S.K.: 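One structure follows; several queries about it will come next.
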Amino acid sequence: MTDMTEAIISPNLIVDNEEDSTKLTLAYEWLYEVPRTIVDKFSNHIKYLDISHNKITNLDPLVHFFHLSSLIADHNPITENCALPPLPKLELLWLNHCKIASLYPWVGKLKESCPNLQYLCLMGNPAAPSYFNGGTFYEYLQYRLFIISQFPLLNHLDDRKVTDDQRTEALRLYKRPFLERLVSPGSRGGISQLMQAPAKWNTVHGKLNSLWSKAKNRNLLI
């Protein structure tokens with residue numbers, strides 16, 4: 001850890017709620033990383049950590065927060081190249097308004113690090129299309145169903161609850177055998193190549209278009 005990071009942390013920093021020593025906020029501290037002094041002092045008992053509105057791009061120090069169940073990291077320049085360390089107890093993750101521009105292979109790494117996520121917010125990232133950042137309804141639904149397919153325990157994605165219909169459609173559309181059948185025989189790229197090949201991805205596009213016609217009569221996006 002750098003001396004600069006150690007120096008800019010507020011000297012009077014305390015837990016967010018004096019009655020709950022498991023909560024800690026480091027928001028608006030102009031941090032470029034989580035200071036070593038904070039890790040040493042709080043990592044053994046903190047369950048809720050807020051590091052929003054900083055300059056953090058490296059989340060590796062969080063590996064020492066063994067009991068972390070909620071992480072708020074909104075408004076940091078975090079990109080898809082920033083992988084979370086193993087956090088098996090993490091249930092809530094907010095990464096709103098960061099710099100995540102691609103879901104592949106970032107989501108797969110996130111799934112490995114945080115397999116028990118129940119609440120995930122990625123709003124305001126380029127990889128999370130919506131009407132607010134110029135995304136189309138098709139792009140939004142493609143994104144939503146893919147994320148749901150990766151996290152079996154997910155209850156809430158962005159600003160909406162995950163419904164049974166969404167989970168059913170997500171698993172049907174994004175189950176691995178279906179994607180593997182779309183890859184041409186003898187190809188070595190696997191699913192990663194599929195995502196980069198517009199011609200093959202058009203097949204998925206057709207499947208999603210079929211969903212659009214059913215969406216009006218089903219509880220797909222409630």
Side-chain angles (χ1 to χ4, degrees), residues 1-2 4-5 8-9 24-36 38-39 43 48-65 68-136 138-151 154 156-159 174 189-198 201:
M1 302 289 178
T2 63
M4 180 180 295
T5 303
I8 63 176
I9 192 71
L24 174 67
T25 179
L26 300 173
Y28 295 97
E29 292 289 347
W30 290 90
L31 295 175
Y32 286 85
E33 57 188 1
V34 179
R36 181 69 187 184
I38 296 298
V39 173
S43 61
Y48 174 100
L49 178 63
D50 183 352
I51 57 172
S52 60
H53 295 272
N54 283 296
K55 305 293 183 180
I56 295 173
T57 58
N58 182 7
L59 299 175
D60 288 346
L62 299 183
V63 71
H64 301 289
F65 288 78
L68 194 63
S69 61
S70 298
L71 174 63
I72 311 298
D74 300 340
H75 293 276
N76 278 285
I78 295 170
T79 71
E80 65 274 16
N81 297 318
C82 177
L84 267 75
L87 296 170
K89 294 186 178 181
L90 196 70
E91 297 178 352
L92 182 149
L93 175 62
W94 286 8
L95 290 169
N96 298 304
H97 300 285
C98 293
K99 304 295 183 181
I100 300 169
S102 175
L103 295 179
Y104 316 105
W106 180 79
V107 167
K109 295 179 181 178
L110 181 64
K111 179 182 179 181
E112 293 178 1
S113 298
C114 311
N116 295 309
L117 280 182
Q118 298 182 28
Y119 302 89
L120 176 62
C121 272
L122 300 173
M123 293 186 296
N125 285 280
S130 71
Y131 292 115
F132 299 105
N133 61 11
T136 66
Y138 161 75
E139 292 170 333
Y140 165 76
L141 186 56
Q142 177 184 332
Y143 148 79
R144 184 171 180 85
L145 293 181
F146 176 71
I147 294 293
I148 292 172
S149 73
Q150 300 301 299
F151 297 94
L154 200 64
H156 210 279
L157 175 60
D158 296 337
D159 60 344
Y174 288 101
I191 292 177
S192 62
Q193 177 178 329
L194 169 66
M195 299 308 179
Q196 298 172 4
W201 189 246

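Quantities reported herein were computed from a predicted structural model and do not represent experimental measurements.
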S.K.: Set out, in order, the CA-CA distance, both residues' side-chain angles and the distance that settles side-chain contact (heavy atoms from CB on, under 4.5 Å) for Y174 and L145, then state yes or no.
M.R.: CA-CA 8 Å; Y174 288 101; L145 293 181; 3.8 Å; yes

S.K.: W106 side chain to C82 main-chain N or O, any donor-acceptor pair under 3.5 Å?
M.R.: yes

S.K.: Under 3.5 Å, side chain of S113 to main-chain N/O of L84, donor-acceptor pair present?
M.R.: yes

S.K.: Treating N58 as the side-chain partner and D60 as the backbone partner, does any N or O pair qualify as donor plus acceptor under 3.5 Å?
M.R.: yes

S.K.: Side-chain contact, heavy-atom cut-off 4.5 Å: L157 with Y143?
M.R.: yes

S.K.: Could you give me the CA-CA distance, side-chain angles and deciding distance for I38 and L24, then say whether side-chain contact (heavy atoms from CB on, under 4.5 Å) is met?
M.R.: CA-CA 10 Å; I38 296 298; L24 174 67; 3.8 Å; yes

S.K.: Are L120 and L92 close enough that some pair of their side-chain heavy atoms sits under 4.5 Å apart?
M.R.: no

S.K.: Any chance you could lay out the side-chain contact (heavy atoms from CB on, under 4.5 Å) test for I78 and T57, step after step, and finish with the verdict?
M.R.: CA-CA 5 Å; I78 295 170; T57 58; 5.6 Å; no

S.K.: Donor-acceptor pair, D74 side chain versus C98 backbone, under 3.5 Å?
M.R.: no

S.K.: Do E80 side-chain atoms and A101 backbone N/O form a donor-acceptor pair below 3.5 Å?
M.R.: yes

S.K.: So, for G135 and P129, which heavy atoms are closest and what is the spacing to 0.1 Å?
M.R.: CA-CB, 4.0 Å

S.K.: Can you tell me how far apart CG (L71) and CG (L62) are? Round to the nearest 0.5 Å.
M.R.: 6.0 Å

S.K.: Could you report the tightest heavy-atom contact between P77 and K99, atom names first, then the distance?
M.R.: CA-CG, 3.7 Å

S.K.: About how many Å separate NE2 of H97 and OG of S52, when rounded to the nearest 0.5 Å?
M.R.: 11.5 Å

S.K.: Verify side chain to side chain donor-acceptor pair (under 3.5 Å) between Q142 and Y138, making sure each step is shown before the conclusion.
M.R.: CA-CA 6 Å; Q142 177 184 332; Y138 161 75; 3.0 Å; yes

S.K.: Any side-chain heavy atom of I56 sitting closer than 4.5 Å to one from Y32?
M.R.: no

S.K.: Roughly how far, to the nearest 0.5 Å, is the OG atom of S69 from the CG atom of L117?
M.R.: 11.0 Å

S.K.: Please report the interatomic distance CG(D158) to CD1(I147), rounded to the nearest 0.5 Å.
M.R.: 8.5 Å

S.K.: Any chance you could lay out the ring pair (Phe, Tyr, Trp, His ring centres under 6.0 Å) test for Y119 and F151, step after step, and finish with the verdict?
M.R.: CA-CA 10 Å; Y119 302 89; F151 297 94; over 10 Å; no

S.K.: What heavy-atom pair brings P126 and I100 nearest, and what distance separates the two atoms?
M.R.: CD-O, 3.1 Å

S.K.: Hey, are the side chains of M123 and D159 touching, using non-hydrogen atoms and a 4.5 Å cut-off?
M.R.: yes

S.K.: Would the distance check show the side chain of N54 and the main-chain N or O of N76 forming a donor-acceptor pair, the cut-off being under 3.5 Å?
M.R.: no

S.K.: So, taking the atom named OG in S130 and the one named CZ in R144, what distance separates them when rounded to the nearest 0.5 Å?
M.R.: 12.0 Å

S.K.: Ignoring hydrogens, what is the shortest heavy-atom contact between S70 and L90? Give both atom names and the distance.
M.R.: N-CD1, 3.7 Å

S.K.: Within the 4.5 Å heavy-atom criterion, are R36 and H64 side-chain neighbours or not?
M.R.: yes

S.K.: With rounding to the nearest 0.5 angstrom, report the CG to CD distance, L110 to Q150.
M.R.: 10.0 Å

S.K.: Looking only at side chains, do Y28 and D50 share a donor and an acceptor under 3.5 Å apart?
M.R.: no

S.K.: Starting from the C-alpha separation in whole Å, work towards a yes-or-no answer on side-chain contact (heavy atoms from CB on, under 4.5 Å) for L31 and I51.
M.R.: CA-CA 9 Å; L31 295 175; I51 57 172; 5.8 Å; no

